[in-house]
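Below is one structure; the comments refer to it alone.
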Amino acid sequence: MQSHTTPPSPDLPLLQGASQVIQDYFAKDSQVIPDIGELLVLPGAPSSASYSVSPDDYRVPFQKRRLIAIPEGLFQFYNTTDVVSHMGLLSGIERVWIAIDHKLFLWDYVEGQDLSSFVDQPDVITHVAIVNPKPGVFVDEINYLLILCTPLTVILLGVSATDVLGPNRTTRKEIKLFDLDMSVPCDAEMVSVAGTADGRIFMAGSQDGHLYELHYQEKEGWFGRRVQLINHSVGSVQSFLPRITSPRAEDRIVSVVSDLSRNIFYTLTANSTISMYYPTSNKSVQLSQTIQNTYKLAQEKAPGSPAITPKHFHVIALHVITQEETRSGVQLMAITMNGVRLYFSSSASPYGYYPAATRLQPHLQLVHVRLPPTNLLHPDEQSNPYFSGGAGYPSRYPQAPPTSRPYVLSELENSAHAAGLTIAAHPGDTDGTDFLLCMSPDLTRIGVLGQTPPQTSQPTAPPFGVGAGSQRPPLTERAALLAIPGRTWGMAALPRPRNAIPLTSPAPNTPMPVVTNELAYQFLEPPRQFLVLTNVGITVLAKRRALDWLRDAIEEVQAEGNVQPIIDFRDSFGRDQTCAMLLALASGNTFLEFGEQSISGSITNLAPELTNVAKQAFYDCGERPMWAERMTYGAGDGSGTALFSGRREGFALYFARLVRPIWRSKLIKPVASGPQSNIPEEILLIVQRNLFALHGFLEGNPHLFHSATGDYSGARAAPTSDQEAWKAEQKSVADLQALLARTIEAVSFFLLLIDHRIGELIGQTDATTQRLIASMTFEELITGQNGVAASRALVNVIIDQQIGQQIAVDTISDILQTRCGSFCSTDDVMLYKAKESVRRAVESRNPQERQGFLGESLRLFMKGARIMEFDKLREVIGDYQQLDFAKGAIELPLYCAEALDADGLGKEYWQTVPSESSRLLGGQGRSNNAPDDPRRPAWDRRVQCYDLVLDSLETLENKASSGDDAAERVRAHAYELAFASADEIFHSRLYEWLISRGLADELLGMRPPYLQAYLQCEPRTLDKYQLLWQFYIKDGQPLRAAEVLATLAESSEFSLSLSQRIEYLTLAVGNAKSHPVSAGGKHESAISFLTDLEEKLEVSQVQLEIFHTLSPRLQSQPSDPDLREKVELLERGLFNITELYQVYAEPYDLLTIKLLVLHVSQHQDEGLVKDIWNRIFHESVQGVSPAEALDCIQGKIVPLGQRFHGSESSFPFKHIARLLVEFQLANTEAVPPGWVVRVLARCGIPYVEIWDVFHQMYESQVPPFSSQSAVQILSAAICVLFQDWLEAEKRSPGEYFPADRIDSAVDLYLKELETGDAQKATREGYERVRRELRRSW
């Protein structure tokens, strides 16, 4: 019942169109900044040295954010002058390790002063590392292993690190150390430790430079100790390379680096030799490749470069290039002491992913040499107020300021790399100071951002070794030197917040920006940061984002009134990107602040005066929309396309970047305990806050997308094309704002589901909804019809839970409407409150109060009827039935039937589509016709509602059958309400249902208002006709009943027997005769109708006789198909008299039927009828003796005479009498004297008529009656006639008896009677007659 409804639900096509705009920007964001790896493998560009170096703070790629001093409490342990101290960073657990002799201290630099220690071992600690544990070896609480290296042993400690709430809504890690009783002696001091993702630990020996593996297992075994140190450099390494000579003693391994994602690790030797290994089976590794000639390879890539010299070419560190950073196959970077970076790529796979160690392993090859910057400024010159872009803001191609001494790198010591960002430490030129080399991709130089083309290009020395160039711009980085206090001991990238990692994880079917595209990520996570550990503390170095530069420009505009910085920024980053960032600054964002950030922090807003500057800049930089007219054969055809302004594009771009982490993500993921949210709650909160801030800003500043006064100077109105452009832009912006509002509500709705245990909620929905949700993305929840259906189902489950827990639904419904109104409409709320009223009615013990609650629930259900699902309606009706609430059980489904067919399609279907059967119940009838008719769903919904009413009547009737008076009153009230309905379609179904239950007589007795119309409507059925004529009789309309019966008798559409048709005609005649003379003034027409009925009845009786005549013949002639067909036709309908004669009587020579036809039709044909009787006599006497013929003739004549005498058309009495007399004359000996007259008398012919005919023959003197013997035979017959007549008269006197005439005739007959013995009996008979006449008359 839900798919057809039209509640105030979202405009899904509009939302889907706006969503497509968002997805278009996903694709654009994935393309505007190239993959760094792609820039490193450009054809013809084996090396590069393009850098942007700026003196001003705006363009410095990094900024020192703060210095965290080493805790004062640590210095008390430096109690002598000869202590041995080491330190390093453990950024994975947010600790600095500081070793003072044998004591280990772990400093929580997030907390600031918190120290924990481990002193339970006697040896000097020289190195500490943190690695992942092997799964299943330790308790689950241990999620890291701490490796302590001393000159004599290697010790393993367990670490439990958990996130706890820190200052300023940040999180910090709380750790616990576990003594695992795991240590192993070593012959060499370990200096570099690296762990793999699956918990294996590799390290380098300081003295021998060998590669070791620290192997550990849960228990001691037959073939291995619990902890052991394996030297892979002395024979256990499986190598693809033949071992010709043993490694030189001086070329020892100094560093081990692990690539966790690719399951490989690298080693670096003191002579810059790089080796690549694959961990294989337990306790063994495979050496895949060794690169020994890195200096020569670098020279080949950049021949003639002064940076590549034997003196300074020394690799100081290896850095893994993650798959997240580049998809081009580049996987390793080596950096030298003077800042040359060597990039290595896999030669076999562009993605560098090796899932199995048994696969043929690809080799690395040097693909690019990145030379150091040659125009670095000394940190002291970095604050020089010289600006090349004018007004102190960066132009796209900044000129290096004139300087007499560019700083040359020569002694880099430590380095770190992450997400395309590289930093390295260089000794400063003063004691106690280091310089940090900071490099990051220059997005304005490598990106396609719609920048303003430069007027002049920056003079740059061509890269060494560059040949014919590619069309792609070369890799350009921003570079700067920053001074920090102290000498550097270590550096590391600060791990991104755990919940920020999904931001750069590819979502299905969503193009992802490269990780170096900070334009896409700067709105949803803090800036990238590095930790630099020195002997005075930790310097936190943060990457300056484009957003930070733009904020500085706005502050300058506000302070000095110079707009040139914003113009320069727009020229560098492009109009659309600038507008997107200005919109973020104006509306507020969770990550505007450059300082300490929380992943789920609150919105930061600029000061009002800065917000106004950003708002004005957003409008001004956005320009105005344009109309691109479509040209056809050189002329415009009036159509075209809008080219949107930067404001609309910036809005869409910022919106897309905010929702990208969730848009195409699945809502849920399956886990063992059931489905759970697939989107981290923290991410949802960030997105929600930023979207809400954006929505509030746009709502408060609607003018930002309207044309300003003066846009069209010199014209009273905008040109038509410009008007079209503004209209198109405003519509697009309105659509995006609608999507924005819907998205905010969707996030709120999903968070609400998480609060209510989304897995349990989904488990309580039906199977179809569960399947929908399992595959649903966040976008589909917002823009899809399935999202609407699934969200409504989930809301229903939440409300049902509240009602089940006897909690008022007002609170949750208010929350739903306030936070996510489009997911919970006013109609929905009414339904929920109605359910609550039902619950209260169930709980109430006061009958009056219960009725009040039920009445209120009915009122609310009716208001929300149009969005009510059928299953819910059925459930509500079931509750009403149980509560004996007849009004709700009857009226609610009837109201829903009308509400769900508000446009009348179902009613129209009922009126126009014929039904297969009048039995519509149980889904039969019309519902099976016209399955593709678009009106049918509306009809089906009506039927479902009507069936609920009938179910209620049946349920209440069953309750009343127990004899309970209260139940009987409820039942009677239910029927009263049902019959009071004004829904004609429902009455039709109600009557059907009652008739099917054998209550037709009761229905006729009630005569409800729509019964006559129902019985008259299509489809016409036998049952309906039967009830209709009975209805008319009960209604006092016998003539209408007769008309129905006549129609029924003559109908060819029903399978009726001939006897039934005759019965209907008989009833019709009877009812027509009952019609009052004065009824309706139709006496004449009623008489005519009655006459017609009587004639039809007579003809039907002829037809019935034909049927009875031919049926035995059919049994004796079963193989006669014509006869069978003719007999079957007699049962299928009524024939007229002519058809009966021509089709049956004549072809089958049915003599009796012919007489009957002549009798009924009163057709006068003397020749025909005499011929028929002649044949009857002939058939009677043929082939039999005269004595036998007497019986045959009598058997034929008497029945026919009794039937037809008095009808001249079928019974020619005189002719029949003549035939009888002629037979007697011919067979005098066999025929008794009175036989003829007695046969005729038995036919029912009056004696007087018989006498008249015989007297005529007596007097005729015409042969064969002219002979004396014939006269005497006739006289004898007349004598017998008189005797029988006299006896009959004596028994039963009649009105007319011609005694005098008979007496006179007797005298005449006696006179003419012959004398003799032959006539003696006749004479005596006459005399007796005369005596009796004279005595009695």
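As a basis for the values below, the full set of heavy atoms in this structure was taken, side chains included, without hydrogen atoms, waters or symmetry mates.
A donor-acceptor pair under 3.5 Å is absent between the side-chain atoms of His426 and the main chain of Leu409, judged by distance alone. Judged purely by atom type and a 3.5 angstrom limit, His695 has no side-chain atom pairing as donor or acceptor with the backbone of Ala741.
One finds a salt bridge joining Lys543 and Glu518 here, because a Lys/Arg side-chain nitrogen approaches an Asp/Glu carboxylate oxygen to under 4.0 Å. A salt bridge links Arg487 with Glu413: the closest approach of a Lys/Arg side-chain nitrogen to an acidic carboxylate oxygen falls below 4.0 angstrom. Salt bridge status for Arg551 with Glu593: present, with a side-chain N to carboxylate O gap under 4.0 Å.
Of the residues listed (Arg65, Lys64, Gln63), the one engaging Leu541 in a side chain to side chain contact (heavy atoms under 4.5 Å, CB included) is Lys64, and it is the only one. No option in Asp442, Thr444, Asn375 other than Asp442 meets the side chain to side chain contact (heavy atoms under 4.5 Å, CB included) test with Ser52.
To the nearest 0.5 Å, atoms NZ (Lys615) and CD1 (Ile554) are separated by 12.5 Å. Separation of atoms CZ (Phe530) and CD1 (Ile423) is listed at 5.0 Å; rounding is to 0.5 Å.
Between the side chains of Asn338 and Ser410, no donor-acceptor pair is found at a separation under 3.5 Å. Between the side chains of Ser48 and Arg370, at least one donor N or O lies within less than 3.5 Å of an accepting N or O. A donor-acceptor contact under 3.5 angstrom links the side chains of Arg648 and Ser732, judged on distance only. For the residue pair Gln564 and Asp568, a side-chain donor N or O sits within less than 3.5 Å of a side-chain acceptor on the partner.
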Does the salt bridge (Lys or Arg N to Asp or Glu O under 4.0 Å) test come out yes or no for Asp24 and Lys28, once each step is laid out?
CA-CA 6 Å; Asp24 291 345; Lys28 290 179 183 179; over 6 Å; no
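For Ile566 against Cys621, the heavy-atom pair with the smallest separation is CG2-SG, 3.8 Å.
Ring-centre distance between Tyr407 and Phe435: below the 6.0 Å cut-off. Note: Phe523 and Tyr654 meet the aromatic proximity criterion, with ring centroids under 6.0 Å apart.
Judged as a side chain to side chain donor-acceptor pair (under 3.5 Å), and not counting sequence neighbours, the contacts of Gln730 are His706.
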